[in-house]
Amino acid sequence: MKYQDIRKFSYKTEKKVLKSEQHNFDMNNWLHSPYTCLKVRLYIELASLIVYLIQNTNIKPNHISYLYAIAGIVGGIFLSINNYYFIIVGILIIFFKVVIDGSDGLLARVKYKPSNFGAALDSWGGLVGEYSFIIGFGLYLFNMTQNLNFIYLTLLIVFLKTLNLKNYILLYIGSKKQQSSAYISKKFLRKKRQTSNNIIDFVKNLIKNGYNYQAKTVDLILLIMLIELNQGRVIFSNYFFYIFVLRGLIIFLGAILLIKKDDFFTDSAIKTQDTKKNNF
């Protein structure tokens with residue numbers, strides 16, 4: 001395809017995806033979110049150029065998805081190295097890796113047929129990036145302050161995220177019904193119950209969003225890091241890290257509360273106990 005055709009196709013596709021129920025975002029509404037509108041156009045333009053250059057090669061969308069995950073890991077590692085230039089490179093990698101994320105899906109639509117595995121791989125790459133960023137962020141704060149508490153808090157966030165009860169329950173139910181956790185999550189978590197408890201609603205919204213660190217927040221933290229590096233001291237980024245810790249605690253404890261409140265096991269086909277165990 002010609003470059004202009006790929007570019008037009010990318011804009012058309014992204015506009016449709018962003019307007020879907022999942023995102024509900026108008027990329028032409030500059031008054032609502034000018035930065036996001038600008039960032040979306042940046043990665044569309046760069047992703048279109050990348051796809052145009054590699055469309056006639058043997059590179060496949062899944063190869064780019066793996067590169068996306070690797071970029072997240074490398075970016076986090078570079079943030080954790082106590083060296084000015086490594087941190088700068090890490091910031092640039094994390095900021096621009098969204099271009100890689102946009103390139104795999106665009107290449108799949110242009111040259112191949114999008115697959116469920118490719119979508120799952122892309123989502124996995126985002127999860128790898130989240131872990132890598134939070135670990136790199138915590139180690140960056142430790143290197144800048146020599147405060148050992150940032151190491152402990154980093155481990156706490158990873159601990160809370162890994163042992164989230166909601167994720168385990170979804171996997172457990174999925175294994176019982178031989179269905180994917182994504183399907184179970186979609187089926188059970190979309191249940192809406194009327195409640196006058198604002199705290200419960202607040203916790204529900206947090207769990208629904210999970211650890212989805214929005215690009216705007218991450219980009220702001222990266223900008224603050226750039227300023228701090230030139231100042232030679234932590235100024236403000238540590239407060240974002242404390243918010244991540246607090247949010248992780250709320251999500252972890254809230255998941256337990258909601259699973260007990262909402263009936264995740266109403267489907268009669270789900271058996272939480274093997275009846276044969278009663279014979280022992």
Side-chain angles (χ1 to χ4, degrees), residues 35 39 42-43 46-47 50 62-105 120-164 167 209-249 251-252:
Y35 179 78
K39 184 73 178 288
L42 173 65
Y43 87 73
L46 294 178
I50 291 173
N62 289 349
H63 297 157
I64 302 178
S65 297
Y66 287 122
L67 180 62
Y68 174 54
I70 294 172
I73 295 173
V74 173
I77 291 174
F78 278 28
L79 286 184
S80 68
I81 298 175
N82 192 17
N83 179 278
Y84 177 87
Y85 297 102
F86 275 100
I87 296 175
I88 293 294
V89 174
I91 289 173
L92 292 175
I93 290 174
I94 293 174
F95 180 80
F96 283 105
K97 73 184 181 73
V98 67
V99 177
I100 304 175
D101 184 29
S103 300
D104 56 0
L121 193 61
D122 186 64
S123 179
W124 171 76
L127 183 63
V128 171
E130 288 179 12
Y131 273 101
S132 300
F133 172 73
I134 201 64
I135 293 172
F137 186 18
L139 293 177
Y140 157 83
L141 289 171
F142 167 72
N143 290 330
M144 292 288 287
T145 64
Q146 295 302 306
N147 187 343
L148 197 59
N149 288 330
F150 286 114
I151 299 292
Y152 300 141
L153 291 176
T154 301
L155 294 175
L156 176 63
I157 294 177
V158 173
F159 175 84
L160 293 174
K161 182 172 174 59
T162 304
L163 299 184
N164 186 287
N167 294 336
N209 295 327
Y211 280 81
N212 184 23
Y213 298 108
Q214 295 185 359
K216 289 188 294 186
T217 302
V218 173
D219 290 349
L220 177 58
I221 293 172
L222 297 177
L223 176 61
I224 294 173
M225 284 182 177
L226 283 174
I227 298 173
E228 291 177 345
L229 284 173
N230 288 287
Q231 295 291 325
R233 62 188 179 90
V234 171
I235 301 173
F236 194 66
S237 61
N238 55 322
Y239 295 108
F240 281 93
F241 196 77
Y242 295 144
I243 292 173
F244 287 162
V245 175
L246 178 61
R247 187 167 183 258
L249 284 169
I251 292 172
F252 181 81

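Note that the coordinates shown come from a computational prediction; the quantities given were computed from them, not determined experimentally.
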Could you go through residues 69-94 and list every donor-acceptor pair under 3.5 Å that involves a side-chain atom there, pairing it with any protein atom two or more places apart or in another chain?
{"residue": "Ser80", "atom": "OG", "partner": "Ile77", "partner atom": "O", "Å": "2.6"}
{"residue": "Asn83", "atom": "OD1", "partner": "Tyr85", "partner atom": "N", "Å": "3.0"}
{"residue": "Asn83", "atom": "OD1", "partner": "Phe86", "partner atom": "N", "Å": "3.2"}
{"residue": "Tyr84", "atom": "OH", "partner": "Asn230", "partner atom": "OD1", "Å": "3.4"}

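Residues Thr154 and Val245 have side chains not in contact (no heavy-atom distance under 4.5 Å, counting atoms from C-beta outward). Using a 4.5 Å heavy-atom cutoff, the side chains of Phe159 and Leu155 are not in contact. Within the 4.5 Å cutoff, side-chain heavy atoms of Leu222 are placed close to those of Phe133. Here the side chains of Leu121 and Tyr68 are not in contact, with every heavy-atom distance at 4.5 Å or above. Side-chain contact between Leu160 and Leu249 is present, with at least one heavy-atom pair separated by less than 4.5 Å. Phe95 is listed as a side-chain neighbour of Leu42, based on a closest heavy-atom distance under 4.5 Å. Tyr140 has its side chain within reach of Leu229: a pair of non-hydrogen atoms, C-beta onward, lies under 4.5 Å apart.
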Step-by-step side-chain contact (heavy atoms from CB on, under 4.5 Å) determination, Phe137 to Val218: CA-CA 10 Å; Phe137 186 18; Val218 173; over 6 Å; no
Asp122/Asp101 under side-chain contact (heavy atoms from CB on, under 4.5 Å): CA gap, chis, key distance, verdict: CA-CA 7 Å; Asp122 186 64; Asp101 184 29; 2.5 Å; yes
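The distance from the CZ atom of Phe252 to the OG1 atom of Thr162 is 10.5 Å, given to the nearest 0.5 Å. Summarising the geometry, atom CG belonging to Leu246 is positioned 8.0 Å from atom CD1 belonging to Ile243; distances are rounded to the nearest 0.5 Å. Rounding to the nearest 0.5 Å places OG of Ser103 at 4.0 Å from CD1 of Ile50. Going from atom CG of Leu67 over to atom CG of Asp104 covers 9.5 Å, rounded to the nearest 0.5 Å. One finds the CD atom of Glu228 at 7.0 Å from the CG atom of Asn238 (value rounded to the nearest 0.5 Å). The distance from the CD1 atom of Ile251 to the CZ atom of Phe244 is 10.5 Å, given to the nearest 0.5 Å.
Taking the six-membered ring where the residue is Trp, Phe150 and Phe241 present perpendicular rings, their angle passing 60° and hence far from 30°. The aromatic rings of Phe240 and Phe236 sit perpendicular to each other, their planes meeting at more than 60°, with 30° as the lower class boundary.
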